[in-house]
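These notes concern the structure reproduced below.
Here, residue 1 is the first one in the sequence, and each next residue gets the next number. Being a predicted model, the structure only gives us computed values, none of them experimental.
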Amino acid sequence: MQRRTLPPAIVWAFVPYAAVSALHVVLLALGHDLAGPTKLLLMPLLAVPVLVAARRIHPPVTVALLLAALLFSWLGDGAGALFPAAPELPLMLAFFGLAHIAYIVLFARHLARRRLPWWTAIYAVWWLAMILVLGPHTGPLLVGVALYGLLLAGTAAFSARCHGVVATGGAFFLASDTILAFRLFLPDALPAWSSPAVMLTYTLGQGLIVAGALVSLQRRAA
């Protein structure tokens, strides 16, 4: 019988990521200066279980795609700190766009278990609604935001073809960027507590995507 859960070593490898994610959200809610440094620890810590599981996963390109998605996500998380001379928001959109491309390729070519469910049409409705509501407030970033939104919706939609944990992670990732978009372009529309909500849904989304991917890949290897 194929194993439906991750080996203990891989499960334990998620613990540092979970702990620092919780700490980061709390620090962000408190407005503490350490919120920034802890944010830069998140994606490297999430790469740990991928590396621990790497020997169990085939083909190796799936490990490369997961690590690429996490690397570009890390660069997006730290765009302002790592590239202080560059415009932060366009750079962040570019890096996360590359992360979403890596996820979409991983989902479509290596993790898909079913056809695209009919209900994923909601993600197309989400994209259109976001453009209609936020588009007038994005200024020269309209094209970039629209393209990024397509990739984000694509990640959520293709994740629905995968393990249920991956699909849930894709939905949380989309929720995170939805809240962030309103905070960036319509800041008066959301309360202050929505800032930690961005990172809570983001860390849940990324963690669930990676966990679900590792479960699926390990099952295939078995």
### Query
Under the side-chain contact (heavy atoms from CB on, under 4.5 Å) criterion, do Phe185 and Val145 qualify, and how do the steps go?
CA-CA 11 Å; Phe185 300 113; Val145 169; 3.9 Å; yes
### Query
Just wondering, do Val133 and Phe182 contact through their side chains at under 4.5 Å, heavy atoms?
yes
#### Entry: Any Leu6 side-chain heavy atom under 4.5 Å of Phe14 side chain
yes
#### Entry: pair His163-Phe107: side-chain heavy atoms closer than 4.5 Å
no
### Task
Go through the steps to decide whether Val165 and Val215 satisfy the test side-chain contact (heavy atoms from CB on, under 4.5 Å), and finish with yes or no.
CA-CA 9 Å; Val165 175; Val215 168; over 6 Å; no
### Query
Quick check: are there more than 12 heavy atoms from other residues, nucleotides or ligands sitting under 6.0 Å from CH2 of Trp119?
yes
### Message
With a 4.5 Å cut-off on side-chain heavy-atom distances among I, L, V, M, F, W and Y, is there a chain of contacts connecting Leu116 to Ile209?
### Response
no
### Query
If you take all heavy atoms of Ala156 and Leu174, which pair is closest and at what distance?
CB-CD1, 3.9 Å
### Query
How far apart are the closest heavy atoms of Thr120 and Pro117, and which atoms are they?
OG1-O, 2.6 Å
### Query
Is a side-chain N or O of Trp127 found less than 3.5 angstrom from the main chain of Ala146, in a donor-acceptor match?
yes
### Message
Does Arg55 have more than 12 heavy atoms from other residues, nucleotides or ligands lying within 6.0 Å of its CZ?
### Response
no
### Task
Begin from the C-alpha positions of Leu42 and Gln206 and carry the test side-chain contact (heavy atoms from CB on, under 4.5 Å) through to its verdict.
CA-CA 10 Å; Leu42 295 173; Gln206 291 275 34; over 6 Å; no
### Task
Could you tell me whether the side chain of Thr201 and the main chain of Ala197 form a donor-acceptor pair under 3.5 Å?
yes
### Query
Does the Thr168 side chain pair with the main chain of Gly164, one donor and one acceptor, at a distance under 3.5 Å?
yes
### Query
Are the side chains of Asp77 and Met92 in touch, meaning some heavy atoms are under 4.5 Å apart?
no
#### Entry: Leu46 side chain near Trp74 side chain, heavy-atom distance below 4.5 Å
no
## Note on the structure
In short, ring pair (Phe, Tyr, Trp, His ring centres under 6.0 Å) pairs touching residues 15-55 with sequence neighbours left out are none
### Pro49 side chain near Leu214 side chain, heavy-atom distance below 4.5 Å
yes
### Query
Do you reckon Phe96 sits in the same ILVMFWY cluster as Leu40, going by side-chain contacts under 4.5 Å, direct or chained?
yes
### Message
Checking Tyr123 against Thr155 for the side-chain contact (heavy atoms from CB on, under 4.5 Å) test, could you report, in this order, the C-alpha distance in whole Å, the side-chain angles of both residues, the deciding distance, and whether it holds?
### Response
CA-CA 10 Å; Tyr123 293 132; Thr155 297; over 6 Å; no
### Query
Do you know which two heavy atoms are closest between Ala213 and Leu111, and how far apart they sit?
CB-CD1, 3.7 Å
### Between Phe95 and Phe83, ring centroids under 6.0 Å
yes
### Task
Report yes or no: does Ser176 contribute a side-chain atom to a donor-acceptor pair with the main-chain N or O of Val198 at less than 3.5 Å?
yes
### Message
Membership question, hydrophobic clusters at under 4.5 Å side-chain separation (ILVMFWY): are Trp193 and Leu27 in the same one?
### Response
no
### Task
For the pair Tyr202 and Phe173, evaluate ring-ring contact (aromatic ring centres under 6.0 Å, His included) and give the outcome as yes or no after the intermediate values.
CA-CA 5 Å; Tyr202 172 71; Phe173 206 149; 5.5 Å; yes
### Query
Side chains of Leu151 and Leu147: closer than 4.5 Å at any heavy-atom pair?
no
### Message
Between Arg115 and Arg161 (side chain of the first, backbone of the second, donor and acceptor by atom type, cut-off under 3.5 Å), is there such a pair?
### Response
no
### Message
So which atom in Trp126 and which in Gly149 form the shortest heavy-atom distance, rounded to 0.1 Å?
### Response
CZ3-O, 3.5 Å
### Single-linkage hydrophobic cluster Val210~Val11, side-chain heavy atoms < 4.5 angstrom
yes
#### Entry: Closest non-hydrogen atom pair, Leu41 against Pro44
O-CD, 3.4 Å
#### Entry: Backbone N/O of Pro191 and side chain of Ser194: donor-acceptor pair under 3.5 Å
yes
### Task
Check for a donor-acceptor pair, side chain of Thr138 on one end and backbone N or O of Gly135 on the other, with a separation under 3.5 Å.
yes
### Query
Do Arg114 and Cys162 have side chains that get closer than 4.5 Å, going by heavy atoms?
no
### Query
Please walk me through it: do Phe72 and His100 pass ring-ring contact (aromatic ring centres under 6.0 Å, His included)?
CA-CA 9 Å; Phe72 287 122; His100 285 298; over 10 Å; no
